[in-house]
Amino acid sequence: PASGPATGSRSFNQYDRACRRVCSMARREMESDMSKWLIVADNPAMATKEFEDKLAQTDNHRHRMLWEKVIEQVQAELAHDIEGTMRTLVPDPDYSSPGSKDGPKGYDEVKAYYLDLFESGALENMALRENMHRRLLTADDGVTIETTVTYHLPAGLARKQGYAIPDGHVGHCAVHRHLLIVVPFDEEGRMFGEISYGGMNPLDWEPIPDDKLSPAYLDWVQRFAPES
């Protein structure tokens with residue numbers, strides 16, 4: 001990321017090794033759990049399971065309110081419920097991703113962002129598996145989600161997105177991104193937006209055997225990526 005230590009410095013080398021360890025660990029965990037992978041369309045309820053588990057372990061009233069709002073937003077997003085999604089946000093939300101292009105600002109831009117997201121199908125090929133969230137942290141003024149996000153994609157489309165897929169690979173791939181998402185809240189328990197840190201490693205992908213491709217994913221390919 002652009003905000004990381006200077007290349008060649010001691011701190012950069014430590015930072016680089018730590019990033020490589022995280023990617024390697026995530027890949028090993030995913031390879032061992034390959035048979036359990038689903039995409040959102042297979043089982044939408046799984047998208048909120050870890051948040052619901054966190055909620056069940058939380059006694060603090062304020063913290064419970066925040067996780068309930070996270071769950072409400074995820075459910076609205078998966079249902080393509082634009083009004084429900086926007087109700088979880090403050091009137092003037094702000095989405096940002098330091099080190100990359102700026103995110104949508106204000107009600108109209110954020111609403112347009114979500115409408116484009118729903119129409120593109122970009123939420124529906126996200127892979128779901130147990131323990132995809134490494135850490136879920138709570139404070140009175142927000143929550144932090146550390147997660148490895150995985151998408152199933154045709155090889156050609158993954159290659160276009162910058163992953164180092166060999167030209168000879170024509171099947172399907174699981175591509176990974178390690179993210180840290182900070183979600184601040186106002187006093188009423190509404191989200192100010194999201195601040196996302198992370199990025200993609202071109203080597204952080206793996207082929208998906210044909211017998212691991214779910215019918216829901218193949219249907220997604222037909223609807224959203226028929227020429228890939």
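Only a predicted model underlies this, so the values are computations on that prediction, with no experimental measurement involved.
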Verify the cluster assignment for [X] and [Y]: are they in a single hydrophobic cluster under the rule of side-chain heavy atoms below 4.5 Å apart?
X: Tyr107; Y: Met191; result: yes
X: Val110; Y: Leu115; result: yes
X: Leu218; Y: Tyr151; result: yes

Closest non-hydrogen atom pair between [X] and [Y], with its separation:
X: Gly121; Y: Trp220; result: O-NE1, 2.9 Å
X: His169; Y: Pro207; result: CE1-CB, 3.5 Å
X: Gly142; Y: Leu66; result: N-CD1, 3.8 Å
X: Pro44; Y: Leu78; result: O-CD1, 3.8 Å
X: Ala76; Y: Gly84; result: CB-C, 3.7 Å
X: Lys105; Y: Tyr95; result: NZ-O, 3.0 Å

Within a radius of less than 6.0 Å around CG of Asp211, do more than 12 heavy atoms belonging to other residues, nucleotides or ligands occur?
yes
Checking Glu124 against Arg223 for the side chain to side chain contact (heavy atoms under 4.5 Å, CB included) test, could you report, in this order, the C-alpha distance in whole Å, the side-chain angles of both residues, the deciding distance, and whether it holds?
CA-CA 11 Å; Glu124 298 172 37; Arg223 289 186 295 134; 3.0 Å; yes
Apply the hydrophobic cluster definition, ILVMFWY joined by side-chain contacts under 4.5 Å directly or through others, and give me every member besides Phe192.
Val90
Separation of [Y] [atom2] from [X] [atom1] (nearest 0.5 Å):
X: Leu123; Y: Tyr114; atom1: CG; atom2: OH; value: 8.5 Å
X: Ile165; Y: Glu206; atom1: CD1; atom2: CD; value: 10.5 Å
X: Lys54; Y: Arg64; atom1: NZ; atom2: CZ; value: 12.0 Å
X: Tyr217; Y: Ile208; atom1: OH; atom2: CD1; value: 6.0 Å
X: Thr48; Y: Glu77; atom1: OG1; atom2: CD; value: 11.5 Å
X: Ile71; Y: Leu55; atom1: CD1; atom2: CG; value: 5.0 Å

Please tell me if the side chains of [X] and [Y] come closer than 4.5 Å, counting only heavy atoms from C-beta onward.
X: Leu136; Y: Val143; value: no
X: His152; Y: Val175; value: no
X: Lys69; Y: Val183; value: no
X: Lys111; Y: Ile82; value: yes
X: Phe224; Y: Asn125; value: no
X: Glu194; Y: Val182; value: no
X: Asp102; Y: Ser96; value: yes
X: Leu153; Y: Tyr163; value: no

Between Asp167 and Arg159, is the side chain to side chain contact (heavy atoms under 4.5 Å, CB included) condition met? List the steps.
CA-CA 9 Å; Asp167 290 339; Arg159 194 179 296 114; 3.8 Å; yes
Would Arg135 and Thr144 count as a side chain to side chain contact (heavy atoms under 4.5 Å, CB included) here? Give the steps.
CA-CA 8 Å; Arg135 294 179 183 87; Thr144 300; over 6 Å; no
Please assess Glu146 against His178 for the test side-chain hydrogen bond (donor to acceptor under 3.5 Å, both in side chains), listing each intermediate value before the final yes or no.
CA-CA 8 Å; Glu146 183 186 1; His178 190 72; 3.0 Å; yes
Do Arg62 and Glu187 sit within salt-bridge range, that is, some charged N less than 4.0 Å from a carboxylate O?
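A salt bridge is absent here (no side-chain N lies under 4.0 Å from a carboxylate O).
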With sequence neighbours left out, what residues match Asp53 under salt bridge (Lys or Arg N to Asp or Glu O under 4.0 Å)?
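Result, salt bridge (Lys or Arg N to Asp or Glu O under 4.0 Å) vs Asp53: Lys49.
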Using modelled atom types only, decide if a donor and an acceptor are shared between the side chain of Asp116 and the backbone of Tyr113 within a distance under 3.5 Å.
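No, Asp116 side chain to Tyr113 backbone: no donor-acceptor pair under 3.5 Å.
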